[in-house]
Amino acid sequence: MGLADVTRENAHQAMPAHDDPGDVESPSPGYEFEPERRARTEPSEPRLLISPSYGSAESRQHWRDTLDRTVPFADERYNRYLTEDQRRQLLILHPEGRSRFWGARPGHDSKMAAVTTGDVVLFTGKNHVRAIGEVGAIFRNREFADVLWPPGQGGESWHTVYSLREFQTTELPYAVLNALLGYKPAFKYPGQLVLSGEQAAAGIDGLLITTRTALEQAGAIPPGKVRMMQVEQQHTRTVTVEQSARRLLFDRIEAELVHAYCASLTEARAKRFATAAGICDLYLDGPDGRELIEAKSRVERTHVRAALAQLLDYAHHAPAPVDRLSALFPAPLAPNELRFLHHYGIDSIHRTAEGTFERFPAPEPRRRFIRNLAGPEVTDTGPVV
């Protein structure tokens with residue numbers, strides 16, 4: 001399922017409401033467990049974990065202990081319980097010796113067995129996605145888990161432990177996620193889910209989630225060269241991760257904008273692609289040809305210029321020559337900004353007050369100019385990307 005499918009209605013059955021990762025063994029495929037998981041080294045489709053994590057008092061305490069703050073796993077208090085291989089995995093992904101952690105109880109062993117580095121986690125509770133994370137190292141270690149989250153009297157260990165390469169708080173209503181995944185609007189995510197294939201891609205792409213692992217695999221950033229900055233306050237709309245010459249940004253406004261725009265499409269097939277330039281927001285292939293779209297959360301000149309730069313970069317690496325380049329905004333551009341985009345052959349698309357979308361196309365001669373300038377280099381054997 002791609003971005004174009006985000007509004008489809010599926011007749012999924014509702015499940016009883018719970019909000020703790022240990023309450024329900026929700027339906028998902030079973031897997032044989034391998035005690036030591038290896039990081040994903042070849043490009044592959046990431047899985048999407050949905051982890052209820054804020055419903056019970058125990059889960060909220062665990063959130064405060066290992067998500068609200070990082071854990072100094074290299075300190076003796078924690079390090080003594082790690083195996084050599086687990087310590088190595090953690091230090092490769094978190095060379096500063098600190099990370100956020102989450103885990104799962106034994107009842108989820110089968111579904112957690114396939115999870116690996118680069119998979120995406122949605123932390124849910126109180127009818128919202130409350131945070132988004134990227135799986136780092138993952139392993140089973142009861143002693144280490146019990147130091148992170150001491151079990152109560154008669155309680156179970158969260159013995160499958162995973163670190164988080166990225167973590168960002170947000171507040172996305174379940175209705176948004178349900179539309180992307182094809183669930184009924186009132187679906188409440190009663191237990192841990194591990195989704196794969198088209199359904200996982202629909203959630204990840206629909207929310208414009210870009211992981212470090214995906215960028216590393218695409219060659220957009222060198223492995224292990226990203227420095228995480230302090231996560232901003234709860235409910236913030238954007239969080240920036242500093243890199244040597246790039247910025248990795250998850251923006252809720254942009255994700256919602258693309259989601260709404262895709263819902264307005266009727267014939268074009270929508271997807272994203274990853275290259276050494278990064279991961280694009282939207283790539284359409286339909287009756288009007290191939291179109292590359294970059295979404296921006298604001299309409300000021302800095303955002304307009306950023307859209308232009310990213311479109312030129314992505315177009316050169318597109319899987320096929322692009323017929324049209326467009327920038328998507330939440331409101332109309334000022335005349336100067338619109339002229340700026342049109343000078344470079346870029347269409348402007350914006351959301352209207354009624355929630356529909358309006359396009360201001362660039363002049364066709366300028367479109368041809370930018371297609372020739374930004375298109376992939378062509379040889380006798382085809383485009384070079």
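As the structure is a computational prediction, the values presented were derived from the model and not from experiment.
Not a single salt bridge (Lys or Arg N to Asp or Glu O under 4.0 Å) links R87 to another residue, sequence neighbours left out. Annotation: ring pair (Phe, Tyr, Trp, His ring centres under 6.0 Å) contacts of F357 (sequence neighbours excluded): Y261. Under the salt bridge (Lys or Arg N to Asp or Glu O under 4.0 Å) criterion, R301 pairs with E337, sequence neighbours left out. Among residues two or more places apart in sequence or in another chain, the salt bridge (Lys or Arg N to Asp or Glu O under 4.0 Å) test is passed with E358 by none. For H128, the ring pair (Phe, Tyr, Trp, His ring centres under 6.0 Å) test picks out no residue, with sequence neighbours left out. Among residues two or more places apart in sequence or in another chain, the salt bridge (Lys or Arg N to Asp or Glu O under 4.0 Å) test is passed with R298 by E300.
Residue Y344 qualifies as open at atom OH: its count of foreign heavy atoms under 6.0 Å is 12 or below.
In this pair, H62 and W149 present their aromatic rings tilted. The plane angle is within the 30 to 60° band. Classification of the F144-F139 ring pair by plane angle, with boundaries at 30° and 60°, yields tilted.
Of all the heavy atoms in W102 and S51, the pair that sits closest is NE1-OG, 3.2 Å. Of all heavy-atom pairs between P106 and S157, the closest is CD-O, 3.2 Å.
Taking the charged nitrogens against the carboxylate oxygens, R60 and E58 have no contact shorter than 4.0 Å, which rules out a salt bridge. The residues R140 and D109 are annotated as salt-bridged, a charged nitrogen and a carboxylate oxygen being separated by less than 4.0 angstrom.
No hydrogens or angles considered: a donor-acceptor pair under 3.5 Å links the side chains of K188 and N127.
Geometrically, R130 does not engage F123 in a cation-pi contact defined by less than 6.0 Å to the ring centre and at most 45° from the axis.
Here the side chains of D146 and R142 are in contact, with some heavy-atom distance below 4.5 Å.
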Criterion side chain to side chain donor-acceptor pair (under 3.5 Å) on S326 and E291, from CA distance to verdict: CA-CA 7 Å; S326 304; E291 181 176 11; 2.4 Å; yes

Derivation and outcome, salt bridge (charged side-chain N to carboxylate O under 4.0 Å, His left out), residues D347 and R359: CA-CA 7 Å; D347 287 11; R359 180 188 295 270; 3.0 Å; yes

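Ring centroids of F360 and H342 are separated by 6.0 Å or more, keeping the two rings apart.
The CZ atom of R165 lies 7.5 Å from the NE2 atom of H94; values are rounded to the nearest 0.5 Å.
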